[in-house]
There are 2 protein chains.
Amino acid sequence: MATIYEVSKLANVSLATVSRVMNGNTKVSDKTREKVLSAMRELGYRPNATARSLASNRTDTVGVLVSELNGAFFGEMMAGIEQELRLADKHVIITTGHSEEEKEKDGIEFLLSRNCDALILHVEGVSDEYMIELSKGKVPVYLVGRNIEQISENCISLDNEYGGYLATTSILAQGHKEIAYIAGQQFKPDAIERFAGHKKALSEAGVELNQSLFFEGDFKETGGAAGIKALLATGIPFTALVCANDEMASGAMKYAREHGIDLPKDLSIIGFDNVIFANYLYPKLTTVEYPIFEMGQMGAKLALREVYGKQDVYVKQVFSPQLKMRDSTLPV
Amino acid sequence: MATIYEVSKLANVSLATVSRVMNGNTKVSDKTREKVLSAMRELGYRPNATARSLASNRTDTVGVLVSELNGAFFGEMMAGIEQELRLADKHVIITTGHSEEEKEKDGIEFLLSRNCDALILHVEGVSDEYMIELSKGKVPVYLVGRNIEQISENCISLDNEYGGYLATTSILAQGHKEIAYIAGQQFKPDAIERFAGHKKALSEAGVELNQSLFFEGDFKETGGAAGIKALLATGIPFTALVCANDEMASGAMKYAREHGIDLPKDLSIIGFDNVIFANYLYPKLTTVEYPIFEMGQMGAKLALREVYGKQDVYVKQVFSPQLKMRDSTLPV
DNA sequence: TTGTAGGCGTTATCAG
DNA sequence: CTGATAACGCCTACAA
């Protein structure tokens with residue numbers, strides 16, 4: 001593989017000049033540039049990323065951590081991040097945290113060990129304090145899908161509480177009063193906030209929250225099925241079921257149908273996220289849209305602007321959820 | 001950040017010895033090792049991955065290219081790859097090819113520019129010839145989900161034709177004779193092979209293939225909807241619909257239902273892949289299982305064995321699909 | 001605008 | 001088993 005040295009010899013210029021042509025920072029005369037470029041072509045020269053990193057102290061690599069690589073939600077998020085970064089010629093190195101504190105920390109360490117220029121994280125297990133501490137480190141850290149007051153300038157977040165509020169409000173507007181709820185793990189900020197929105201909507205409407213109709217799920221299909229099973233087992237009637245995400249809603253729908261519940265007539269179900277398959281379920285799932293693709297993009301843009309000095313990229317940091325009315329909810 | 005140099009000074013040994021302790025290849029006396037290790041601890045030393053790469057000509061990084069980052073299928077594949085590689089302390093850098101020849105080539109270039117130690121690809125747009133040529137290069141290339149005869153020792157693949165055969169055979173076994181087909185893009189090997197299996201099953205059963213009941217989709221929900229729409233528009237009756245993947249099946253199901261078709265009574269639909277949501281559709285989708293998570297793992301293992309010299313890892317290269325009988329297909 | 005020279009932090013090759 | 005020392009390929013003051 002040709003090195004910069006051979007190029008400089010062939011082009012009859014110094015190493016520095018070749019470097020300048022590559023990087024385009026400094027001025028180089030057109031004639032010189034041409035000489036260099038043609039030498040590069042002739043040798044099929046390709047810069048060595050590693051050497052470049054060592055000398056420049058930049059790797060052009062952004063580390064990304066998500067809870068899971070499968071799952072519709074994270075897929076969209078990664079797609080948004082990758083698209084943006086790739087356009088800017090930055091490499092994405094990816095790893096998972098599985099929503100567990102220790103694994104998330106390991107994952108972050110793992111990314112840091114690679115000398116990433118920046119980190120974009122979707123973490124659910126680690127504490128705010130940990131993140132604040134991490135942010136003081138040398139490597140800039142950006143958070144997608146989570147807002148931490150003290151480092152909010154590094155966060156891209158959704159107003160989850162409002163989303164939860166929207167969901168339940170729409171259910172209430174359809175006249176439901178007996179409403180069950182399947183939540184996400186209550187250590188996850190998303191889950192907590194959505195549930196807070198739910199409670200707020202109820203209280204505003206003067207509807208009492210029935211603790212027996214609350215189930216803590218896990219944001220997965222199976223959790224949704226387990227949830228509705230438990231809720232039905234209470235024997236307490238309910239006409240609507242609010243799920244903290246679409247996966248659980250789909251699990252609940254499946255279970256309900258298998259147990260003779262006629263959807264949506266007997267039971268209205270609403271989800272959260274609006275992942276792609278929500279629209280392909282039957283009945284089509286009413287849900288709250290979480291613009292995670294765009295939020296992923298924004299996380300990437302934030303990094304591009306702050307770390308790589310891309311000026312004038314617009315970054316929106318706080319997103320608002322939106323209700324997607326479909327067929328899985330019906331007036332009581 | 002402490003460097004190896006400071007460690008060597010504190011431990012009173014040479015750079016080389018510190019390096020040996022880190023890498024554990026060469027023998028170092030226990031006493032020396034302890035000295036070095038404690039010096040490392042004291043300084044909070046962490047090796048610089050970049051410098052290490054430059055000197056060793058290894059990056060401990062594997063480049064992965066998939067068509068899309070969203071999508072249930074690719075999510076599983078990446079999860080399998082990442083899990084395996086992470087366990088072996090290898091970093092995964094990921095990018096997309098969007099099933100287009102040029103973009104795939106760009107993506108591969110992009111990964112190569114990062115000096116990956118190996119590439120694991122799921123490519124659909126590039127030709128066999130291109131891949132064979134690429135394999136002659138310096139960087140080992142492994143293919144998941146595609147088999148190319150000349151480089152089959154680097155491939156992890158599924159017997160797609162058999163899968164297609166299985167699907168249609170199961171439909172025929174239920175007495176269907178009027179069978180429509182929604183295929184994937186006919187430049188993609190998967191799509192071609194599955195369809196070949198379909199034809200084989202038909203011909204074995206003495207059922208004639210009706211060209212008018214063939215539609216070339218795009219492996220996406222929307223393509224499935226467009227497909228069934230076109231098929232219905234022919235006016236030719238059919239009692240079963242074979243889709244080349246689950247996404248299209250789900251799109252077709254949605255469209256069918258919206259147009260008054262009673263599933264599965266009026267129409268049996270079968271998919272391919274067995275992505276997670278197949279089981280949450282209504283009716284639950286009969287499909288052919290594609291063990292892509294495991295295949296991703298195998299791709300990673302192959303790389304670990306061949307590139308990183310991990311002995312004795314067992315690698316299975318050819319997988320067999322399996323029929324998943326569910327509720328979306330019914331005897332005629 | 002261009003060239004020179006000293007790093008960047010490790011690994012690897014030799015000796016010892 | 002351990003130590004010097006030259007790479008590794010490029011960047012970046014600084015000088016010209």
Side-chain angles (χ1 to χ4, degrees), chain A residues 1-37 39-40 43-61 89 91 112-117 138-139 308-309, chain B residues 1-37 39-40 43-61 89 91 112-117 138-139 308-309:
Chain A
M1 189 83 265
T3 72
I4 195 175
Y5 183 72
E6 303 171 41
V7 174
S8 87
K9 218 159 61 177
L10 183 61
N12 239 305
V13 296
S14 72
L15 293 186
T17 300
V18 177
S19 173
R20 287 181 190 115
V21 170
M22 289 179 42
N23 296 303
N25 327 323
T26 322
K27 290 258 164 284
V28 175
S29 77
D30 286 356
K31 217 187 332 191
T32 311
R33 175 191 321 285
E34 257 325 310
K35 268 197 310 192
V36 172
L37 288 176
M40 285 179 171
L43 294 170
Y45 170 73
R46 292 207 332 209
N48 178 317
T50 306
R52 197 200 280 245
S53 297
L54 185 58
S56 68
N57 212 27
R58 270 190 316 119
T59 55
D60 288 321
T61 294
D89 256 290
H91 292 260
L112 288 175
S113 78
R114 188 80 241 166
N115 297 350
C116 295
D117 295 334
K138 199 166 178 187
V139 180
Y308 295 112
Chain B
M1 189 82 263
T3 72
I4 195 176
Y5 183 71
E6 304 171 41
V7 174
S8 86
K9 219 158 61 175
L10 183 62
N12 240 306
V13 296
S14 72
L15 293 187
T17 300
V18 178
S19 174
R20 286 181 189 114
V21 171
M22 289 179 44
N23 297 303
N25 327 323
T26 322
K27 288 262 164 281
V28 174
S29 77
D30 285 356
K31 218 192 324 196
T32 311
R33 176 192 320 286
E34 258 324 311
K35 268 198 307 190
V36 172
L37 288 177
M40 286 179 169
L43 294 170
Y45 170 74
R46 293 209 330 211
N48 179 317
T50 306
R52 193 198 281 241
S53 296
L54 185 59
S56 68
N57 211 29
R58 268 189 316 119
T59 56
D60 288 321
T61 294
D89 256 292
H91 292 261
L112 288 175
S113 79
R114 188 80 240 168
N115 297 351
C116 294
D117 295 334
K138 198 166 178 188
V139 180
Y308 296 110

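So you know, we letter chains A, B, ... as the sequences are listed, proteins then strands, and number each from 1. Only this structure's heavy atoms are used, side chains among them; waters, hydrogens and symmetry mates stay out.
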Pairs involving residues 1-12 of chain B, ordered by first then second residue, that meet side-chain hydrogen bond (donor to acceptor under 3.5 Å, both in side chains) (sequence neighbours left out) = none
Which residues share a side chain to side chain donor-acceptor pair (under 3.5 Å) with A:N57, sequence neighbours left out = none
Donor on one side chain, acceptor on other, B:T50 and B:S53, under 3.5 Å | no
Listed by chain and number, what are the side chain to side chain contact (heavy atoms under 4.5 Å, CB included) partners of B:L112, not counting sequence neighbours?
-> A:R46, B:I108, B:E109, B:L119, B:L134, B:V139
Excluding sequence neighbours, so at least two apart, what forms salt bridge (charged side-chain N to carboxylate O under 4.0 Å, His left out) with B:D117?
-> none
Under 4.0 Å protein heavy-atom contacts per nucleotide of nucleotides 7-16 of chain D, with B for base, S for backbone only and - for none | -BBBSBB---
For B:E34, the salt bridge (charged side-chain N to carboxylate O under 4.0 Å, His left out) test, sequence neighbours excluded, returns B:R41
Chain A contact limits on DNA chain C, taken 5' to 3' with a cut-off of 4.0 angstrom to heavy atoms = C:dT1 to C:dG9
Those residues that, when tested against B:T26, pass side chain to side chain contact (heavy atoms under 4.5 Å, CB included) (two or more places apart) = B:R20
Residues that B:S56 engages under side chain to side chain donor-acceptor pair (under 3.5 Å), provided they are two or more places apart = none
Side chain to side chain donor-acceptor pair (under 3.5 Å) with B:S113: which residues, sequence neighbours excluded?
-> none
Between its two end axes (five pairs each) the helix from C:dT1-D:dA16 to C:dG16-D:dC1 turns, nearest 10 degrees, through 30°
How would you list, by chain and number, every residue that makes a side chain to side chain donor-acceptor pair (under 3.5 Å) with A:N48, sequence neighbours excluded?
-> B:N115
